Amino acid sequence: MPQSTYREALRQTLREALQGDERVFLMGEDIGAYGGSYAVTKGLMEEFGEKRVRDAPIAEEAIVGCCIGAAMGGLRPIVELMTINFSLLASDQIINIAAKVRYMSGGQVSLPLIIRTVSGGGNQLAATHSQSFEGFYAHIPGLKVVTPATPYDARGLLRTALTEQDPVLFVEHSLLYGSKGEVPAEPYSVPFGQAVVRRSGKDVTLVTYLRMVSVTLQAAEQLAQEGIEAEVIDLRSLRPLDMPMVLASLRKTHRGIVIEEDWKFGGFGGEVASSMMAEAFDDLDGPVLRVAGEDVPMPYNKGLEQAAIPDAARIIKAVKAVL
Amino acid sequence: MATRTQQPRAEAKTALDLYHTMFLIRRFEEKCAEMYGRAKIGGFLHLYIGEEAVAAGTFSQLRPEDYIVTHYREHGHALARGIDPKRVMAELFGRATGTSKGKGGSMHIFDVEKGFLGGYAIVGGMMPVAAGLGFASKYLNEKRVALCIFGDGAVNEGAFHESFNLASLWKLPVVFLLENNGYGMGTRVERVHAGLEMAHLADAFAIPSEVVDGMDAVAVREAAGRAIEYARSGKGPFFLEAICYRFRGHSMADPVNYRKKEEEEAWRRRDPIPKLRHELLEQGSVREAELTALEAEVEQEVEEAAAFAEESPEPPPEALYQDVYAE
């Protein structure tokens, strides 16, 4: 099967979207002439022109709001927020308009809007460039939030996003762009609300998403050497959330841990863990634990930054605590 | 009052339509106040009384395919757009027959068929959306204009400036209509807005602007016609500032401690409705009997709207989870 990088899988899918539907256009800061700050949209402006690949001023509120209006006016915008940190400037548009127009209009308004953005840290970009807000947005009724961890899922979830009539926050990770994986040549899509088992195991269920998937798989490899077989579930989709798959896994393993890069206190992992405990209580042999980012603004110093982000060692420690 | 000029400022039918729209808005809003007092309408109620000329004049120049995005003092806009008063009143009553099935309320009126795309409660928040509707119109080579209505409070929000910049940069067919009634809730504009008069805010973005007497429906109609034609021609956005005054408080909850009675009385003497009524009669465009008949029809229409709303069912319990998502 052909291999592709996460970045290439996204670019190819965007290219096909632009080719296949005149209503699709891209808008964002430095996505055109610069080629995108993570090079995802490189070459697309040259290929499709400035009308379809639109460089915008640094004005996140206006950019997202403009794309909301464009979606209401019959287009299929794919807006890029350079990082999820900058989404805060557009949060009124995302939360108070995009997430709510269908409901407030009594179902009259559809909003086929895709907001692509980049989450996470680990590049020494310090406190305001290293945050993970996907869990925060998954909290908002009316939004859909997906988090592809592999090139296959990046393409598959984006293809599904292009069929949606609701606003989708499509969350990528900066450290995943260069990662390689198998991507079929034939068309396929990955449905929202469907998690995937990355590694089968009988001893403990490890639930995670985005870059923590690969970190968790590393931990699982090390645990296997000690005879502990972990089952790793990649959520792929935070809202809608595939709890049935997680619960089915717990019926087998009886122990669960939720792993995320975002801050622990009040984080999305709390929602997953509380559902695991409430809905699989009789299947559990111990409490559901969480491994998450340290509750601090991200420091610049490399060592401190590494200490703030979950690694395989911390996941292994949590597994042993729960067994 | 002195006799007006011999030449009517507008054709008789047009002027009568303006009068009809204003009178409908006025009576509807008065009925809303009554219904609010009887707890039929809940939440916040922001009345348009005094500002009717702005809606009547502007909307008389829109085409059916144009888009409207507005703020929460919007009943007058909805009625001027031709949305059925029954459905608007039912929405205010929260009933299932309302424009948003009772799920939006006074601040969130939508009628997609009429291009009325909300009704927004966050000051200035809808302005980028209006730019986006203009964007879509231009992208698709349609000739629609997006009318964006906001108040004097909005000009200090970041979204205002960002939207002006975007609309001007990309020459979007947007008419930015400022209903400047001198007060952002309880705060006079001079206390919160630095710099030149508001129309000049457009200069920074190379957007043409005009200031119009918002208490004169015919003047508003003429100015709006220029603004809309400009935007529709593809030259870019236009900023129209209408100077007006709301006779009541910010909302029904407002005790209005921040305005002087003399000021209110001075503006009431400029009430656009008796002004146009007088003009119509003076010019011989219409007879008293016709006006009285029209007014009686409107009173009846408003009564029927309230009765319809009262008799309409509440939304069912399952409505709580409907229309959060498409499926």
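Lettering follows sequence order; numbering is per chain, from 1. Please read all numbers here as calculations on a predicted model, not as lab measurements.
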> Quick check: are there more than 12 heavy atoms from other residues, nucleotides or ligands sitting under 6.0 Å from CD of B:Glu229?
Replying inline: no
> How long is the span from the CZ atom in A:Arg52 to the OH atom in B:Tyr139, to the nearest 0.5 Å?
Replying inline: 4.0 Å
>> I need the residue from A:Leu111, A:Val64, A:Ile97 with the largest number of non-hydrogen atom pairs under 4.5 Å to chain B.
In response: A:Ile97
>> Need one label for B:Ile109: side chain, backbone, both or neither, based on atoms under 4.5 Å from any heavy atom in chain A.
In response: neither
>> Could you go through A:Asn96 and B:Tyr120, starting from their C-alpha distance and side-chain angles, then the distance that decides it, and tell me whether this counts as side chain to side chain contact (heavy atoms under 4.5 Å, CB included)?
In response: CA-CA 9 Å; A:Asn96 279 327; B:Tyr120 294 91; over 6 Å; no
> Is the shortest heavy-atom distance from the side chain of B:Lys101 to the side chain of A:Tyr103 under 4.5 Å?
Replying inline: no
>> Counting heavy-atom pairs under 4.5 Å with chain B, which one of A:Lys51, A:Met72, A:Arg23, A:Glu22 comes out on top?
In response: A:Lys51
> Is the count of non-hydrogen atoms from other residues, nucleotides or ligands lying under 6.0 Å from A:Tyr188 atom OH greater than 12?
Replying inline: yes
>> I'd like to know which of B:Asn165, B:Leu172, B:Leu169, B:Asp111 tops the heavy-atom pair count under 4.5 Å against chain A.
In response: B:Asp111
>> At a heavy-atom distance under 4.5 Å, which candidate from B:Gly119, B:Ser137, B:Gly98, B:Ala159 has the highest pair count against chain A?
In response: B:Ala159
> Which answer fits B:Tyr67, side chain, backbone, both or neither, if we ask what part of it has an atom under 4.5 Å from a heavy atom of chain A?
Replying inline: side chain
> Contact part of B:Ile122 toward chain A, heavy-atom cut-off under 4.5 Å: side chain, backbone, both or neither?
Replying inline: side chain
>> Taking side chain as everything from C-beta outward and backbone as N, CA, C, O, which of these in A:Ala56 sits under 4.5 Å from a heavy atom of chain B? Side chain, backbone, both or neither.
In response: both
>> Is it the case that atom NE2 in A:His139 sees more than 12 heavy atoms from other parts of the structure closer than 6.0 Å?
In response: no
> Taking all atoms of both residues into account, what is the closest heavy-atom pair of A:Gly69 and B:Leu133, and its distance?
Replying inline: O-CD2, 3.3 Å
> Roughly how far, to the nearest 0.5 Å, is CH2 of B:Trp170 from CE of A:Met27?
Replying inline: 3.5 Å
> Contact part of A:Glu50 toward chain B, heavy-atom cut-off under 4.5 Å: side chain, backbone, both or neither?
Replying inline: neither
> Around atom CE of A:Met277, are there more than 12 heavy atoms of other residues, nucleotides or ligands at under 6.0 Å?
Replying inline: yes
> To the nearest 0.5 Å, what is the distance between NZ (A:Lys100) and NZ (B:Lys103)?
Replying inline: 13.5 Å
> Side chain, backbone, both or neither: which part of B:Ala167 has a non-hydrogen atom closer than 4.5 Å to chain A?
Replying inline: neither
> So which heavy atom on B:Glu162 is nearest to which on A:Glu60, and how close?
Replying inline: OE1-N, 4.1 Å
> Hey, does B:Tyr325 have a side-chain heavy atom less than 4.5 Å from the side chain of A:Arg239?
Replying inline: yes
> Is it the side chain or the backbone of A:Ile140 that comes within 4.5 Å of chain B heavy atoms, both, or neither?
Replying inline: backbone
>> I'd like to verify something: which residue of A:Pro77, A:Pro57, A:Gly74 has the highest number of heavy-atom pairs under 4.5 Å with chain B?
In response: A:Pro57
>> With a 6.0 Å cut-off on the ring centroids, do B:Phe135 and A:Phe25 count as close?
In response: yes
> What residue, out of A:Ala59, A:Ser105, A:Gly73, has the most heavy-atom pairs lying under 4.5 Å from chain B?
Replying inline: A:Ser105
>> Please find the pair of heavy atoms, one from B:Ala136 and one from A:Ala70, that lie closest to each other, and give the distance.
In response: CB-O, 3.9 Å
>> Show the nearest heavy-atom pair for residues B:Leu166 and A:Cys66, with the distance to one decimal.
In response: CD2-CB, 3.8 Å
> To the nearest 0.5 Å, how far apart are CE in B:Met126 and CD in A:Gln93?
Replying inline: 10.0 Å
> Is the backbone N or O of B:Ala326 less than 3.5 Å from a side-chain atom of A:Gln165, with the two atoms forming a donor-acceptor pair by type?
Replying inline: no
> Heavy-atom distance under 4.5 Å to chain A: side chain of B:Gln322, backbone, both or neither?
Replying inline: backbone
> Are the side chain of A:Gln108 and the backbone of B:Thr99 linked by a donor-acceptor contact shorter than 3.5 Å?
Replying inline: yes
>> Counting neighbours of CZ on A:Phe86 that are heavy atoms of other residues, nucleotides or ligands and sit closer than 6.0 Å, is the number greater than 12?
In response: yes
